[in-house]
Every structure is written in C-alpha cells, then in structure tokens.
K.L.:
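I am attaching a structure below and will ask some questions about it afterwards.
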Amino acid sequence: MSARIQVQTDDFDAGAEIATLAEASGGVGAVASFVGVVRSTDGVTSMTLEHYPGMTEREIAHHVAEAQARWPLLGLTVIHRIGKLAVGDAIVLVAAASAHRQAAFAACEFLVDYLKTRAPFWKLEERGGNTDWVSARAEDDDAAERWRR
Amino acid sequence: MTLLYFAWVRQKIGRSEERLVLPEGVRTVGDLLAHLGARGGGYGEAFADTSRLRAALNQAHVGLDAVVRDEDEVAFFPPVTGG
C-alpha cells in the first residue's frame with residue numbers, strides 16, 4: 001500500500017489528491033478525507049505553523065504505519081502545511097482509501113486525532129498586531145486516547 | 001548534545017538550538033530541564049512550569065525520567081497543536 005507524507009509551505013489540491021488515491025488500485029471503493037482550515041476565532045487574521053523537521057515526518061510515518069496495521073487500506077495521504085496561513089487557507093489534508101467506507105473513515109479520523117496530539121506542530125495566531133501561541137486542548141487528548149481502548 | 005527549542009520555549013530563550021556538553025550530575029531529561037532553568041533569565045521563565053513543557057529525545061516523545069547521553073538530541077517544547 002502506498003502512503004504519501006508531505007510537510008510543505010505550498011497549498012495542496014485536495015481534489016487531485018483524492019483522485020490519485022481513488023485511481024491507485026482497482027480495489028478502491030471508498031476514499032475518506034479531512035481538510036483542516038484556518039478559522040477566524042476571536043478576530044484571528046492569520047496563523048503561523050512551526051514544526052520540528054525530522055521528528056514531524058517520523059511521528060506521522062509511525063501513525064501511518066499503525067493505521068495500515070489496523071485497517072485494510074489501499075492508500076493514505078497526509079499533507080500538513082507550515083509557515084504563515086490566512087483565514088480560510090487549508091492547513092492539513094488526511095485521506096484514506098479502502099475497499100469499503102468503514103476502514104477509510106476510521107483511518108482518516110485516527111490519523112487526524114494523532115496529528116493533533118503527537119505530531120510536533122505549533123500554531124501562532126495573529127490578531128491585529130498581537131500574537132498568541134495556541135494552547136493544546138484536553139478534548140484533543142481525549143479524542144486520541146479513545147483509540148487506545 | 002544538541003538542544004532544540006520550539007514555539008514559546010524558543011521565544012523565551014531567544015534561540016532555537018545550542019550545543020552542550022552533558023553537565024555533571026545530569027542523568028535524565030528532568031535533570032537537564034532543571035539545569036537549564038537554573039541559568040535564570042529567559043531559561044528560568046521557559047522552564048518554570050514543567051507541566052506546560054514536553055520533551056523529545058532523538059526525535060521521539062519522552063517523559064522527564066528518560067536518560068540522556070552526550071550524543072543525544074533533546075528538544076523542549078509546549079504541548080503540540082497541529083492538525
């Protein structure tokens with residue numbers, strides 16, 4: 001099974017990525033995808049994403065391998081952007097291909113939950129001239145934790 | 001060893017990376033954190049509240065009890081907020 005992991009400043013074409021997964025094998029019957037977008041919470045005008053080069057790719061690869069071990073997947077794509085992003089810009093794409101929807105949905109959600117709690121990215125929000133580091137949310141830890149049960 | 005700092009830890013300390021010879025008496029990530037915090041200034045501020053800090057040893061998440069060696073890469077950062 002092919003897995004594509006990308007950390008990049010450039011935007012991505014979610015439609016093209018999904019099409020590539022759909023066409024990857026004749027056995028693909030479902031592609032589930034998630035796109036995270038910069039939200040304008042409390043006057044946020046832009047967001048800058050920092051990461052830990054090397055560890056980021058290793059963490060994502062580790063959880064991609066775990067997803068492959070748990071579900072019968074036929075393709076996986078994870079693209080996470082870094083650098084300065086504006087409200088409405090796409091931050092992350094996770095897409096999973098499988099013969100049937102259940103595995104595709106589950107793998108997609110699993111990877112998003114782990115990206116949020118394990119992959120070393122940090123978000124700096126800008127409001128007017130002020131900047132604030134985004135705090136981690138306990139709900140995200142809970143969401144990732146339920147996959148351990 | 002190589003030390004790396006990210007997000008507000010990097011901002012408070014004023015640098016993203018430095019080299020350090022494993023100091024006498026430092027055995028774990030927690031010892032290293034206390035050693036750096038004792039430098040005061042931005043280090044003191046960055047390492048004041050260990051509950052707000054996370055660490056990685058050679059690019060893998062670890063707890064404060066992980067044992068460090070001179071050839072290691074150790075990173076300190078806040079809880080991650082990607083996705």
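Order of the sequence lines sets the chain letters (A, B, ...), proteins ahead of strands, with each chain counted from 1. On a predicted model such as this, the values are computed, not experimentally measured, just so you know.
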K.L.:
Select one option (side chain, backbone, both, neither) describing which atoms of A/R118 are under 4.5 Å from chain B's heavy atoms.
P.N.:
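Its backbone and side chain both get close to chain B.
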K.L.:
Are more than 12 heavy atoms, taken from residues, nucleotides or ligands other than B/R39, located less than 6.0 Å from that residue's CZ atom?
P.N.:
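Atom CZ in B/R39 is packed in, count exceeds 12.
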K.L.:
Take atom CZ in A/F105; do more than 12 heavy atoms of anything else shown fall under 6.0 Å from it?
P.N.:
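No, CZ of A/F105 has 12 or fewer neighbouring heavy atoms, counting only those of other groups under 6.0 Å.
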K.L.:
Is any side-chain heavy atom of A/H51 less than 4.5 Å from a side-chain heavy atom of B/F6?
P.N.:
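When only atoms from C-beta onward are counted, B/F6 and A/H51 do not touch, as no gap falls below 4.5 Å.
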K.L.:
Hydrophobic clusters here meaning ILVMFWY residues chained together by side-chain heavy-atom distances under 4.5 Å, can you tell me if B/M1 and A/M55 are in one?
P.N.:
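They do share one cluster, since a chain of ILVMFWY contacts under 4.5 Å joins B/M1 to A/M55.
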K.L.:
Is there a chain of hydrophobic side chains (I, L, V, M, F, W, Y, each step under 4.5 Å between heavy atoms) that links A/I82 to A/I60?
P.N.:
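A/I82 clusters together with A/I60.
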K.L.:
Decide whether A/M47 and A/V112 are clustered together by the hydrophobic rule: side chain heavy atoms of Ile, Leu, Val, Met, Phe, Trp, Tyr closer than 4.5 Å, transitively.
P.N.:
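As far as the 4.5 Å side-chain criterion goes, A/V112 and A/M47 are connected within one cluster.
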K.L.:
Quick check: under 4.5 Å, non-hydrogen atoms only, which of residues 49-79 of chain B neighbour chain A?
P.N.:
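Interface residues of residues 49-79 of chain B: B/A56, B/N58, B/Q59, B/A60, B/H61, B/E73, B/A75, B/F77, B/P78, B/P79.
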K.L.:
Non-hydrogen atoms of chain B under 4.5 Å away: do they reach the side chain of A/T48, the backbone, both or neither?
P.N.:
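No part of it gets close to chain B.
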K.L.:
Could you see if B/Y5 belongs to whatever hydrophobic cluster contains B/L20? Use Ile, Leu, Val, Met, Phe, Trp, Tyr and a side-chain cutoff under 4.5 Å.
P.N.:
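Cluster IDs for B/Y5 and B/L20 match.
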K.L.:
Go through the steps to decide whether A/W122 and B/V80 satisfy the test side-chain contact (heavy atoms from CB on, under 4.5 Å), and finish with yes or no.
P.N.:
CA-CA 6 Å; A/W122 299 274; B/V80 303; 4.0 Å; yes
K.L.:
Out of A/H62, A/E50, A/H80, return the one with the most heavy atom pairs under 4.5 angstrom to chain B.
P.N.:
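Going by pairs under 4.5 Å, I would pick A/E50.
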K.L.:
Do A/V87 and A/V92 share a hydrophobic cluster, counting only Ile, Leu, Val, Met, Phe, Trp and Tyr and linking them when any side-chain heavy atoms are less than 4.5 Å apart?
P.N.:
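Yes, because A/V87 and A/V92 connect within a single hydrophobic cluster, where side-chain heavy atoms sit under 4.5 Å apart.
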K.L.:
Taking every non-hydrogen pair under 4.5 Å, which of A/F34, A/F121, A/Y52 racks up the most with chain B?
P.N.:
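Of the candidates given, the most pairs with chain B belong to A/Y52.
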K.L.:
Does atom CZ of A/R127 have more than 12 heavy-atom neighbours from other groups under 6.0 Å away?
P.N.:
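For A/R127, atom CZ is crowded (more than 12 foreign heavy atoms under 6.0 Å).
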K.L.:
Taking A/K123's backbone N and O only, do any of them form a donor-acceptor pair with B/T81's side chain (distance below 3.5 Å, no angle check)?
P.N.:
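Judged by distance alone, yes, a pair lies under 3.5 Å.
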K.L.:
How about residues 23-35 of chain B versus chain A: which residues have heavy atoms under 4.5 Å apart?
P.N.:
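So no residue qualifies.
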